Amino acid sequence: MGQKRGRDSKAQAVESKKRKKAAKSGPASDDSGWDGVVDLEDLNWKEVAMPDRMEDAGGFFGLEEIDGVDIIRSQGHGEVKFKAKSGKPKNSILKPPSEDDDGEEWGGISDGETDKADKAEKTPTPATGTQVKEDKKKQKETKKKEKKAKDTKAKEAEPARDPSLKSSLSFATLLEQAEDDDGVDVSDWDKLGLSPELLTGLSKMKFATPTTVQKACIPVILDGHDVVGKASTGSGKTLAFGIPILEYYLEKREKKIDPVEKPKTAPMALILSPTRELAVQLAKHIGDLTANSPDTDARIALLTGGLSIQKQQRQLANADIVVGTPGRVWEILSTGSGLIRKMQSIRFLVIDEADRLLSEGHFKEVEEILGALDRKESGDFPDMDEEAQKEEQEPNVRQTLVFSATFHRDLQTRLAGKGRSSGGDMMDKKESMEYLLKKLNFREEKPRFIDVNPEQQMAEGLKEGIVECPAMEKDLYLYALLLYYPKHRTLVFTNSISAVRRLTQLLQALQLPALALHSSMAQKARLRSVERFSSPTSDPSSILVATDVAARGLDIKGIDCVIHYHAPRAADAYVHRSGRTARAGAVGKSVLICAPDEVVSVARLAAKIHAQRLKRGIPQKKLPLESLEIDRRVVSRIRTRINLAKKITDSNIAKEKVSSEDNWLRAAADDLGVEYDSEEFDESQGKTRGRGGGRQKRDKQNSSITKSELAGLRAELKSQLAERVNIGVSERYLTAGRIDIESLLRGEGNNAFLGNLDPLNF
Ligand SMILES: Nc1ncnc2c1ncn2[C@@H]1O[C@H](COP(=O)(O)OP(=O)(O)OP(=O)(O)O)[C@@H](O)[C@H]1O
């Protein structure tokens, strides 16, 4: 297709300048070793023929076109160049030298005698150096004048054009616009008074409007207040605190900008997260905004367990913002020299997923960190700049920002400075709210409590459902749900690591793209699972089977469905797990697979979460969750597959287990210099009788399946999986009218099933 461009005076001016530049280094002939790449201005543009009537021009007035070119985009700069299409001579697309070109500078683009002859004709007769120069100068000036007069005349002769039309036709403007298209209009952020740098960053990230929590929190934090922020999952809390931190960074840098070297300074913010994956994500999210905002080179150190401590220590030495999990942060701070003092000057302390971070296993380290940040010791700070030292001297410069989607009622009322605690079930005595308030050392007596959605903890676009099934058939119902929702990126939550391992293998045996995530995995494997699951190029039916390590904060685009294989143990876990879908205004599903003995506790849990809505009478149901009926035919037809897959998985797991136990005992026997016989050992330990004996016996039985038996099971499963699950259709009578053959052939509908399956309508 031919390329078109508009003509305008600005483009022409640039054109002549660039042409000269091109001429200097430009191509001499087709076989000169020149790669054939030319600039826009050096193309042999031809005017587009105009219709007789100007009204018919349809906005194409003044257009030029070129044929036979390929566009070449240079990496990184968005610059566009051109090359002749293959089969055409390289210089066939080049513009011949025009009258106003300086003959000497224009090295000649010629592949024909005519051009050479033309050039010879134009070449001035030899003369002395100064004279030639002067003559040329005069010639140039005359040509310039002539050209100017010609241009003015042409302009006067042109009919008046709509200025917007003109600019929209300019090729140069089109290129500019293409660059501008990189971003979106961010005028909705104006009221928050952000710096142009961050506005550019937000525009490039296509965040046209601040979310509710961002609108509510950013100004308050910028005003220097301590904030406790509560907003539903996926509502943009990270930037609600990330933006004010970066604003502070820019402001601080402005005051003492050093063009040669950044001043060595202490970090200005410490952001604590309960899980490694969330810490990685927080650093990335804030880092993305930094990277997209011009001149915003805040350095972020990520301190999480499982990765090289030395590297993290090095990062910390130059960091502006520190993001980490409490364990590793404390490990580095407590073993480093002078680091605690350096961190004492931080301006922001962020406790993300606060209710989790301030409870359970993490509290001890958080407590150590908080204690260390407030411990005042004398001494100087040799590697700190003056302002940081000054700030260090001032008492309590630190703003504390506490965020979560869920807060225990007591924590909520206490942090909001409202009323007394009635005693809570989330923390024990020592970890009481009073203690917390004191420990967090807010600089204001009452931090600002911002609850953007007091009545609803769940995201707007989330649909909640429940599938009831016999306790021993959860695998079957899980598989059925996954078949009902093909091409759904699904996150399956379990309550134990062993269940994650087993389910991942089971689903893999059923040829589903399942990945595992739990805290006993090596950190690199954990990150790899998250990366593979979240990659935009990954299978759209990817499944991540995880423990609650993935429940908090994980922001993976495009999770369509969350399945709770085990009912969560607490209401907040349900909120956070379900919050992995329907994020940032998207829609999503959350489905609980529920055994009969779990129904009561699940009902209680749901009632708790939806208490406010139930109070207001919406919706008037026993359970605010939709009950999903899985077609009985599906259940019965997939049973064989599940049984086969289970046998294969159980056998593999039992073999791994027996072999690792065996290896351990063998090594111990070797160390002791004794013979090891596994059966003899089991007998002597009474392992075949008593408590746990049944499980061990089962493991032994499962592990004793021979290789050929296993191969047989695999082959049987494979042949089952090669067929669609038949929902009451005889394949012999496919044409009997019960199924839509044409849509079947077109590959429409759910490929897992043969026959008409009522959708779950959920
Ligand atoms: N102003 C905005 N406009 C559009 N998208 C946004 C905006 N701010 C943040 N987002 C996107 O929303 C998603 C959720 O943001 P974030 O992870 O901060 O949510 P959260 O409230 O912390 O969730 P959780 O409680 O689950 O941790 C992210 O993908 C982020 O890129």
Side-chain angles (χ1 to χ4, degrees), residues 183-192 194 198-218 227-246 271-293 323 350-357 401-407 450-453 456-462 489 491 493 530 534 536 546 548-559 562 572-588 590:
V184 294
D185 175 12
V186 283
S187 46
D188 278 1
W189 292 83
D190 283 354
K191 276 196 189 138
L192 303 186
L194 304 184
L198 293 194
L199 286 175
T200 306
L202 291 164
S203 163
K204 284 198 195 159
M205 288 170 86
K206 307 223 175 350
F207 291 171
T209 315
T211 63
T212 318
V213 67
Q214 290 162 357
K215 252 186 235 160
C217 294
I218 291 172
V227 165
V228 178
K230 176 174 166 283
S232 55
T233 50
S235 59
K237 292 188 285 294
T238 311
L239 290 189
F241 58 79
I243 288 174
I245 291 176
L246 289 176
I271 303 172
L272 292 177
S273 134
T275 66
R276 297 168 182 183
E277 286 75 14
L278 179 54
V280 171
Q281 187 186 290
L282 291 171
K284 188 174 174 305
H285 199 14
I286 297 172
D288 280 349
L289 180 55
T290 312
N292 280 300
S293 307
V323 183
V350 181
I351 312 277
D352 196 20
E353 305 294 344
D355 53 335
R356 171 101 174 86
L357 211 42
L401 312 173
V402 178
F403 278 86
S404 187
T406 51
F407 282 103
I450 299 174
D451 186 352
V452 296
N453 43 0
Q456 168 133 332
Q457 286 171 308
M458 313 299 282
E460 280 289 335
L462 183 77
R489 195 162 290 183
L491 182 49
F493 280 104
V530 174
S534 53
D548 279 338
V549 74
R552 293 267 182 168
L554 219 58
D555 181 55
I556 297 177
K557 295 248 167 346
I559 296 184
V562 167
D572 63 331
Y574 176 74
V575 172
H576 288 279
R577 282 178 175 189
S578 307
R580 296 318 98 208
T581 185
R583 297 177 69 74
V587 292
S590 161

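All ligand and atom numbering here is 1-based and tracks the order in the structure. Predicted model, so just to flag it, every value in this text is computed and none were measured.
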Nearest heavy-atom pair of D188 and A208: which atoms, and what distance? CB-O, 3.5 Å
Charged N to carboxylate O below 4.0 Å: is that the case for D572 and R552?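 Salt bridge flag = yes for R552 with D572.
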Got a sec, which residues hit salt bridge (charged side-chain N to carboxylate O under 4.0 Å, His left out) with K191, two or more places apart in sequence or on another chain? none
Donor-acceptor contacts under 3.5 Å from residues 272-283 side chains, at least two apart:
unit_1: S273; atom_1: OG; unit_2: T275; atom_2: N; d: 3.3
unit_1: S273; atom_1: OG; unit_2: T275; atom_2: O; d: 2.7
unit_1: S273; atom_1: OG; unit_2: A279; atom_2: N; d: 3.3
unit_1: T275; atom_1: OG1; unit_2: L278; atom_2: N; d: 3.2
unit_1: R276; atom_1: NH1; unit_2: Q523; atom_2: OE1; d: 2.8
unit_1: E277; atom_1: OE1; unit_2: R526; atom_2: NH2; d: 2.9
unit_1: E277; atom_1: OE2; unit_2: R526; atom_2: NE; d: 2.7
unit_1: E277; atom_1: OE2; unit_2: R526; atom_2: NH2; d: 3.4
unit_1: Q281; atom_1: OE1; unit_2: D555; atom_2: N; d: 2.4
unit_1: Q281; atom_1: NE2; unit_2: G553; atom_2: O; d: 2.7

Applying side chain to side chain contact (heavy atoms under 4.5 Å, CB included), name anything that partners A582, two or more places apart in sequence or on another chain.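 A582 satisfies side chain to side chain contact (heavy atoms under 4.5 Å, CB included) with A459, L462 once adjacent residues are dropped.
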Flag the pair N292 / F207 as yes when at least one side-chain heavy-atom distance between them is below 4.5 Å, and no otherwise. no
Within the 4.0 Å heavy-atom cut-off around ligand 1, the contacting residues, ordered by chain and number, are W189, F207, T209, P210, T211, Q214, S232, T233, G234, S235, G236, K237, T238, H285, E353, G553, D555, K557, R580, R583, A584
